[in-house]
Novice: 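Before I ask anything, let me first share the structure, which is written out below as structure tokens.
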Amino acid sequence: MLRFIGKRLWDGGLTLAALITLTFFVMRLAPGGPFSKSRKISPEVLANIQKTYHLDEPVWMQFVRYVKGLLTFDLGPSTRFRDYDVGGIIASGLPWSVTIGIWAIIVASLVGIALGVAGAMRRNSPTDYAAGIVGIVGVAVPIFVIGPLMQVIFALRLGWVPVGGIEGGWRALVLPILVLALPNIAYISRLTRSSMIETLRENYVRTARAKGIGERRVVWGHVLKGTLLPVIAYLGPATAAIITGSILIETIFALPGIGRHFVDAALNRDYPLVMGITLLYGALLILLNIVTDLIRAWIDPRLRNGR
Amino acid sequence: MRRLIGTALSGLILAAALSFGNPVLADDTLDRGIGSEWSSLDPHVNFDAAAGWIQMDAYEGLVTFDSTGKVIPGAAESWDVSADGKTWTFHLRDGLKWSNGDPLVAQDFVNGVMRTLNPDTASEKGYYFYSVIQVKGAKAIADGETKDPATLGFKAPDDRTVVVELESPNPHMLDIMGGFQVPPLHGPSFEANGAAVFIDPTKVVSNGAYVIKEVVPQSHVLLEKNPNYWDAANVKIPKVRYLVTEDVNTELKRYQAGEIDITYDIPVNQIEDLKASVPDQVSIGPSTEVTYYSFNLKRPPLDNIDVRRALSLAIDRETLQAKIVKGGAIPSYSYAGGFDPDYHGPQIAEATMTQADRDAMAKELLAKAGFGPDNPLKLKIVTTVAEDRVRLAQGVALMWKKTLGVEASVDSMERKAWLDAFYAGDWDVFADNLVGDFAGAETFLAYMRPSAEPGYNWVKPEYDAAMDVAAQEVDPAARNEKLAAAEKILLDDTIFAPIAIEPTRHMVSPNVKGWATSAAGYNNSQFLSLE
């Protein structure tokens, strides 16, 4: 097991190295630079600013400098937000993104699995159709439609929650979490439903029934375990995607997460910040994939031995 | 399974029920939108207008600006200027203090300017002191030739006197003496804590009506009344919170929900509705930003003035703003000072013509240059991706097509790419804009000097000469006359087509009193009150 983890971490490290190198150079192909803004700055002053950020050096030298910094966990200064370094920006934004992300995945899993199981148990019943409709709506209606719509209904009309920002405390997080969870509810419920229908036909389920075990124990003890395998395989990358992919949510709900920084950094050619967040996203994705594999191996002995 | 669903549902209901007691945001706090996140809270570095509002609340310059943009005494209670207009003497108020109780002295203002100019600070703002106004010795310090404060014409002969020596007279001197340009520096704190003294609420020391108390990146900056401010008795609002809301539609909803009292902007497609439903809450006025379409003089046939004039004439500026862009911009036929009541620009014949006459004239001029239906002129307009900018460019292209048969394509690009494209010169028409350094004509005209901005490839020694003449004039009215003469030279060459003066757009809650629009755009919270 340890060897397995070690190998996956090593592979992940290589992937990250490739990601860093590629991002570093590709990013600089985009037209414009971090300080190509005011045309009023005199060339001398501009040169001075460039020097402060080592932008006057050849790109390969900047790369060496960056990698050296990484080895000491220094992500460099931000050129867009002069008050912070990249590490500080990530430290302030990540907790928000993680909080919303984790809650969204919890809500999505609970509701999604429940709907999926309900649908599979009562196929073609009203429950199943209702779950199906929720699924279609969740997948088909984009976040930038459902988000503002929910703001109008729950914040402006009903006044239950704030429109955005973080001043409202946990209430402010309710809508973003729901909106973020919705497409995943849809996907997880569909996944659970089809997986469960398949599992119900498995021989071991039939065996369990033949042994005379009650329906409840068949479902909870046998079917669900088999049903959840593909769901868990989906949840790992989905968690990474949700934590990193809440850019739109953060913008619509004015939350200080890290996704907003990513877009802002890219538009402002804040090279170090783009690098830092790319690195974070990459690492997160790789780690969560490893964790997913471990959980699956733990649930399903076949995966453990057949490796 | 039913139980599971039941649990989930009751959980949701519980959450909904709990949130019924929606927190009413404390009404001793003024909530102001600032759009995107501030780029820096360091007052000697920050160059953003929106972050400038925070700065104006936290730092006071020698002078300050009332809600209408008028210069009023700030840290200096009075000032006098020498007859030649080159030496300004500011007299500080008695007993001025920093927020930590330390005495605020004239040298603190000198230190602030020195830090802005110091190349190590890597600030873009030094140009205020060697370009916008010419303080003696400022350029040498900015260029790193010397670090000796004695060479700078910004001095503190005693604790309550600041003397500024200029190389040439400038009636707009006072516009550059506010908290945005000359925030003082608390030396001991800066030496001990570096830039954290501007950013970290536990270390902040400032001299404005408010002090920074809380900073959450991408969320907000909270300021509280500074009890050590000299005019604290007249500061009515105890707390001011600047809220980041990038999405203008979300911001409007936050306003409607009462979370924001003054918005940063108004979504362009909502202006009409809001004006109809809540007219007294919509605040739209001119800003110091002008939009103009520059022609690439290096590219034939745009080197032909007839072609440029034809293109300029064929733009129906009123229709463009009223029917196509609808963002509240003011159509303009001149370049500078449309918002400055003291400046009377040159007479422009086009301004008083009807659009039909302009169109006829445009057709004639373009035909004279050899273009017509069988030989259409082809152009590329380069603009930014901002929605209203793209719409503007498409509107202009449409008018050129309709009136002149010109085939213009619109190339919209991200802001950074757009800025670089200007110098790369890969454009026929550049959707240009300029934000003035103060609400006066001179800031725009100085920028257009061929010697100051070579990017337009405009060769015109007469213009530089005319501007030099104006720069020596001490009397503001006479100076404006000379400036108008220079503007005539500029406009006569039609190196660009003036389009509009951009607006400031805010929703202002009826609870907020004392709000006014001003082109300068300073709306210090200390002059507002909440009801």
Side-chain angles (χ1 to χ4, degrees), chain A residues 30-42 44-45 48-49 51-53 80-84 88-89 92-93 110-111 113-115 117-118 121 148 151-152 155-156 159-169 171 174 219 250-257 260-261 264 267-269, chain B residues 1-2 4-5 8 15-16 18-20 22-23 25 36-42 45 47 119-120 122-124 126-127 131 142-144 195 198-199 215-220 241 243-247 249-251 253-254 256-257 259 413-422 424 447 453 455:
Chain A
F35 295 104
S36 58
K37 41 182 175 189
S38 175
R39 281 185 266 143
K40 292 174 192 164
I41 312 175
S42 72
E44 293 86 6
V45 173
N48 216 331
I49 294 171
K51 210 170 123 199
T52 311
Y53 291 94
R80 157 79 170 88
F81 304 104
R82 298 239 340 216
D83 300 351
Y84 308 94
I89 290 174
S92 89
L110 287 179
V111 180
I113 292 171
L115 284 176
V117 169
M121 299 293 285
Q151 281 177 327
V152 169
L156 278 183
W160 290 354
V161 287
V163 174
I166 55 170
E167 284 72 32
R171 281 182 190 85
V174 173
V219 172
E250 287 169 10
T251 308
I252 294 171
F253 292 98
L255 295 171
R260 291 238 315 271
H261 275 304
D264 208 27
L267 288 179
N268 286 290
R269 307 286 186 268
Chain B
M1 238 357 68
R2 239 184 249 158
L4 195 62
I5 297 172
L18 277 175
S19 54
F20 250 113
N22 198 24
L25 292 177
S36 296
E37 184 179 341
W38 57 93
S39 48
S40 178
L41 294 176
D42 181 337
V45 167
F47 208 36
D120 297 337
S123 170
E124 300 164 30
Y127 86 103
S131 175
D143 289 347
F198 313 115
I199 300 149
V215 180
V216 180
Q218 291 285 22
S219 173
H220 65 268
R241 182 162 35 208
L243 292 154
V244 176
T245 313
E246 248 160 61
D247 186 281
N249 292 300
T250 299
E251 194 191 34
K253 286 196 210 96
R254 295 188 79 179
Q256 286 163 337
E259 294 165 26
M413 47 181 81
E414 248 181 88
R415 202 178 146 71
K416 289 281 180 182
W418 170 80
L419 281 168
D420 269 26
F422 177 76
Y447 176 75
E453 179 48 80

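Chain naming here is simple, since letters A, B, ... match the order of the sequence lines and numbering starts at 1 in each.
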Novice: Does any backbone or side-chain atom of B/E251 lie under 4.5 Å from a heavy atom of chain A? Answer side chain, backbone, both or neither.
Specialist: neither
Novice: Of all heavy-atom pairs between B/E414 and A/R269, which one has the smallest distance, and what is that distance?
Specialist: OE1-NH1, 2.8 Å
Novice: What part of B/A195 gets within 4.5 angstrom of chain A, counting heavy atoms only: side chain, backbone, both, or neither?
Specialist: neither
Novice: Are side-chain heavy atoms of B/W38 and A/D83 found at a separation under 4.5 Å?
Specialist: yes
Novice: Please give me the minimum heavy-atom distance between A/P256 and B/P217, naming the atom from each residue.
Specialist: CB-O, 3.3 Å
Novice: How far apart are the C-alpha atoms of B/K416 and A/N268, what are their side-chain angles, what is the distance that settles it, and do they pass the side-chain contact (heavy atoms from CB on, under 4.5 Å) test?
Specialist: CA-CA 7 Å; B/K416 289 281 180 182; A/N268 286 290; 4.2 Å; yes
Novice: Closest approach of B/V216 and A/I166, non-hydrogen atoms and distance?
Specialist: CG1-CD1, 4.2 Å
Novice: Search all heavy atoms of B/T250 against all heavy atoms of A/V163 and return the closest pair with its distance.
Specialist: O-CG1, 4.0 Å
Novice: Mind checking whether B/S219 and A/E167 have side chains closer than 4.5 Å, heavy atoms only?
Specialist: yes
Novice: For B/F47 and A/R82: C-alpha separation, side-chain torsions, deciding distance, then whether side-chain contact (heavy atoms from CB on, under 4.5 Å) applies.
Specialist: CA-CA 11 Å; B/F47 208 36; A/R82 298 239 340 216; over 6 Å; no
Novice: Answer with side chain, backbone, both or neither: which region of B/L41 has an atom nearer than 4.5 Å to a non-hydrogen atom of chain A?
Specialist: both
Novice: Just verifying a value: how many Å separate B/D120 CG and A/K51 NZ, rounded to the nearest 0.5 Å?
Specialist: 8.5 Å
Novice: Please determine whether side-chain contact (heavy atoms from CB on, under 4.5 Å) holds for the pair A/Y84 and B/I199, giving the CA-CA distance in whole Å, both sets of side-chain angles, and the decisive distance to 0.1 Å.
Specialist: CA-CA 9 Å; A/Y84 308 94; B/I199 300 149; 4.2 Å; yes
Novice: Which bit of A/L267 comes within less than 4.5 Å of chain B, counting heavy atoms only: side chain, backbone, both or neither?
Specialist: both
Novice: Report which part of A/S92 has an atom under 4.5 Å of a heavy atom belonging to chain B: side chain, backbone, both, or neither.
Specialist: side chain
Novice: Restricting to non-hydrogen atoms, name the atom on A/P148 and the atom on B/K253 that form the minimum distance, rounded to 0.1 Å.
Specialist: CB-NZ, 3.5 Å
Novice: Quick one: pull up OG1 in B/T245 and CD1 in A/I252 and give me the separation to the nearest 0.5 Å.
Specialist: 13.0 Å
Novice: OG/B/S39 to CZ/A/F81 distance, rounded to the nearest 0.5 angstrom?
Specialist: 8.0 Å
Novice: Report the C-alpha distance between A/H261 and B/E37 in whole Å, list the side-chain angles of each, state the deciding distance to 0.1 Å, and finish with yes or no for side-chain contact (heavy atoms from CB on, under 4.5 Å).
Specialist: CA-CA 9 Å; A/H261 275 304; B/E37 184 179 341; 3.5 Å; yes
Novice: Picking from B/A421, B/A122, B/A142, B/A257, which has the most non-hydrogen pairs under 4.5 angstrom with chain A?
Specialist: B/A122
Novice: Might you point out which heavy atoms bring B/R254 and A/G164 nearest each other, and give the distance in Å?
Specialist: NH2-O, 3.1 Å
